[in-house]
Novice: 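Structure incoming, see below.
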Amino acid sequence: MGETLTATRAEVCAAACADMFRGDGEIVAAAVAGMTPALGARLARATFEPGLLTTDGGPYLTAEPVPLGAPAGDVEGWLPFREHLWLVLNGRRHVWLGPSQIDPFGNCNISHIGPADRPKSQLLGSRGAPGNTRLNPTSFWIPRHSTRVFVEKVDYVSGVGNDRGAFQLRGVVTNLAVLDFATAEGRMRLRSVHPGVTVDDVVAATGFALELPADVPETRTPTAEELRIMREVLDPKGIREREVRA
């Protein structure tokens, strides 16, 4: 009998990020919100989405998915910032955001915490979040699921949610669960809980009422081939384990 492979929480999260790219085809994976969605994008390209365009984390479009922390390798194209803007305007990117706050409809905040005239913390600023959420498929990566991040109302709307005209919010992957917006009103719904996590764990870590299906499944674990690709090809140094706490 073959060896039984047990996936880590980080690997479950990376596979969940990969699944968000299903059906995307030949668009750019702008997975810049952390190592986990970057690994997920490259895993998707290496398995079920070979047409997905991935970069080295910079301006180079690479012939093959680049291992985390490695140089670009064979380069097939160059994507300067002006071309990024064309892709944004035409919906040719699937972007990942890492919000400091997100509300039930997916409005997200990466600008500041606290009132605008006297913020407690200054963050990145809105940057590309308004255009990304209005014009492109958008997913969210949150490595620390907590009531400080999942809030009833964000302090500032950097990226728009479903109640403000978002184009397509695919879902949210966290260290505890996968969530989406597949409800009549576009409110956040619990799609699955990661192995070892309960629905009550997720509810307690969320600062608003989640839509809960009658039966919440467990997030799928990566296949043996996906684990091999992550461990031997895309992330042999184990960088993925630094971002996710079990």
Novice: Are there more than 12 heavy atoms of other residues, nucleotides or ligands under 6.0 Å from atom CD of Gln122?
Specialist: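 Count over threshold, so yes.
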Novice: Output yes when Arg170 and Asp24 qualify as a salt bridge under the 4.0 Å nitrogen-oxygen rule, no when they do not.
Specialist: yes
Novice: Using a side-chain heavy atom cutoff under 4.5 Å and only I, L, V, M, F, W and Y, what cluster partners does Tyr60 have?
Specialist: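 Listed partners: Val75, Trp78.
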Novice: Assigning hydrophobic clusters by single linkage (Ile, Leu, Val, Met, Phe, Trp, Tyr; side-chain heavy-atom cutoff under 4.5 Å), is Val197 placed with Leu212?
Specialist: yes
Novice: Treating Ile, Leu, Val, Met, Phe, Trp and Tyr as nodes and any side-chain heavy-atom pair under 4.5 angstrom as an edge, say whether Phe208 and Val172 lie in one connected cluster.
Specialist: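 Yes, one cluster joins them.
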Novice: Looking at side-chain heavy atoms only, is the closest gap between Val88 and Asn136 below 4.5 Å?
Specialist: yes
Novice: Would a single hydrophobic cluster contain both Leu176 and Val199, if residues Ile, Leu, Val, Met, Phe, Trp and Tyr are joined by side-chain heavy-atom contacts under 4.5 Å?
Specialist: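 Both belong to a single hydrophobic cluster.
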Novice: Would you say the side chain of Val173 lies within less than 4.5 Å of the side chain of Ser139, judging by non-hydrogen atoms?
Specialist: no
Novice: Taking side chain as C-beta onward, heavy atoms only, is Asn175 less than 4.5 Å from Pro143?
Specialist: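 Sidechains of Pro143 and Asn175: no contact.
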Novice: After noting the C-alpha distance and the side-chain angles of Ser158 and Ser111, does the key distance pass the side-chain hydrogen bond (donor to acceptor under 3.5 Å, both in side chains) rule?
Specialist: CA-CA 6 Å; Ser158 305; Ser111 296; 2.7 Å; yes
Novice: Could you check whether any side-chain heavy atom of Leu53 comes within less than 4.5 Å of a side-chain heavy atom of Leu79, counting everything from C-beta outward?
Specialist: no
Novice: Count I, L, V, M, F, W, Y as connected when their side-chain heavy atoms are under 4.5 Å apart, and connections chain through other members. Are Ile102 and Leu179 then in the same cluster?
Specialist: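 Same hydrophobic cluster.
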Novice: For Arg220, what residues pass the salt bridge (Lys or Arg N to Asp or Glu O under 4.0 Å) criterion, not counting sequence neighbours?
Specialist: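 For Arg220, the residues satisfying salt bridge (Lys or Arg N to Asp or Glu O under 4.0 Å) (neighbours in sequence not counted) are Asp19, Glu226.
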Novice: State the CE-CH2 distance between Met20 and Trp96, to the nearest 0.5 angstrom.
Specialist: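 Between Met20 CE and Trp96 CH2, I get 5.0 Å after rounding to 0.5 Å.
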Novice: Let's go through Cys13 and Trp141 carefully: what are the C-alpha distance in whole Å and the side-chain angles of both, what is the deciding distance for side-chain contact (heavy atoms from CB on, under 4.5 Å) to 0.1 Å, and is it a yes or a no?
Specialist: CA-CA 9 Å; Cys13 290; Trp141 164 239; 4.0 Å; yes
Novice: To the nearest 0.5 angstrom, please state how far the CG atom of Asp235 sits from the CD atom of Glu241.
Specialist: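 Output value for this atom pair is 8.0 Å.
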Novice: Check whether any side-chain heavy atom of Asp201 lies under 4.5 Å from a side-chain heavy atom of His145, and answer yes or no.
Specialist: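 In short, these two side chains do not touch, never coming nearer than 4.5 Å.
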Novice: Please name the pair of heavy atoms, one in Gly161 and one in Asn107, separated by the smallest distance, quoted to 0.1 Å.
Specialist: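 Result for this residue pair: N-OD1, 2.7 Å.
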Novice: Indicate the atoms forming the closest heavy-atom contact of Ala177 with Val202, along with that distance.
Specialist: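 Shortest heavy-atom separation between Ala177 and Val202 comes out as CB-CG2, 3.9 Å.
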Novice: Hey, does the Lys NZ or Arg CZ of Arg189 hover above the aromatic six-ring of Phe181, less than 6.0 Å from the centre and inside 45° of the axis?
Specialist: no
Novice: Can you give me the closest heavy-atom contact between Pro119 and His112, atom names plus distance?
Specialist: CB-CB, 3.9 Å
Novice: Let me have the donor-acceptor pairs involving side chains of residues 33-51, under 3.5 Å, with sequence neighbours excluded, atom names and distances please.
Specialist:
residue	atom	partner	partner atom	Å
Thr36	OG1	Glu243	OE1	2.6
Arg42	NH1	Val66	O	2.6
Arg45	NE	Leu52	O	3.3
Arg45	NH1	Thr54	OG1	2.8
Arg45	NH1	Thr62	O	2.9
Arg45	NH2	Thr62	O	3.2
Arg45	NH2	Ala63	O	2.8
Thr47	OG1	Leu43	O	2.7
Thr47	OG1	Ala44	O	3.4
Glu49	OE1	Gly25	N	3.2
Glu49	OE2	Gly23	N	2.6

Novice: What pair of heavy atoms forms the shortest contact from Thr219 to His194, and how long is it?
Specialist: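 Where Thr219 meets His194 most closely, the heavy atoms are OG1-ND1, 2.9 Å.
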Novice: One pair to check against side-chain contact (heavy atoms from CB on, under 4.5 Å): Glu64 and Asp74. What are the steps and the verdict?
Specialist: CA-CA 7 Å; Glu64 300 292 339; Asp74 292 337; over 6 Å; no
Novice: Got a second to check how far Arg187's CZ is from Asp103's CG, nearest 0.5 Å?
Specialist: 8.5 Å
Novice: Report all side-chain donor-acceptor pairs from residues 147-156 shorter than 3.5 Å, counting only partners two or more places apart or in another chain.
Specialist:
residue	atom	partner	partner atom	Å
Asp155	OD2	Gln101	NE2	3.3
Asp155	OD2	Gly114	N	2.8

Novice: Could you see if Val193 belongs to whatever hydrophobic cluster contains Val244? Use Ile, Leu, Val, Met, Phe, Trp, Tyr and a side-chain cutoff under 4.5 Å.
Specialist: no
Novice: Flag the pair Arg127 / Asn132 as yes when at least one side-chain heavy-atom distance between them is below 4.5 Å, and no otherwise.
Specialist: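 SC-SC contact between Arg127 and Asn132 ruled out.
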Novice: For Ile113 versus Ser100, what's the shortest heavy-atom pair and its separation?
Specialist: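 The answer is CD1-CB, 4.3 Å.
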Novice: With Arg92, which residues qualify under salt bridge (Lys or Arg N to Asp or Glu O under 4.0 Å), at least two apart?
Specialist: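 Applying salt bridge (Lys or Arg N to Asp or Glu O under 4.0 Å) to Arg92 gives none.
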Novice: Taking only residues two or more places apart in sequence or in another chain, which ones pass salt bridge (Lys or Arg N to Asp or Glu O under 4.0 Å) with Glu11?
Specialist: Arg231, Arg240
Novice: Would Leu169 and Phe140 count as a side-chain contact (heavy atoms from CB on, under 4.5 Å) here? Give the steps.
Specialist: CA-CA 8 Å; Leu169 303 185; Phe140 302 97; 4.1 Å; yes
Novice: Once rounded to the nearest 0.5 Å, what's the spacing between atom CZ of Phe21 and atom CD1 of Ile27?
Specialist: 8.0 Å
Novice: Taking it one step at a time, do Phe167 and Leu135 satisfy side-chain contact (heavy atoms from CB on, under 4.5 Å)?
Specialist: CA-CA 5 Å; Phe167 172 71; Leu135 299 168; 5.6 Å; no
Novice: Got a sec: does the CZ of Arg22 have more than 12 other heavy atoms crowding it under 6.0 Å?
Specialist: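 More than 12 within 6.0 Å, yes.
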Novice: Distance check, rounded to the nearest 0.5 Å: Leu123 atom CG versus Ile110 atom CD1?
Specialist: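 Reported to 0.5 Å precision, the distance equals 8.5 Å.
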Novice: Could you report the tightest heavy-atom contact between Cys108 and Leu97, atom names first, then the distance?
Specialist: SG-CD1, 3.9 Å
Novice: What's the spacing between Glu225 CD and Met230 CE if we round to 0.5 Å?
Specialist: 10.5 Å
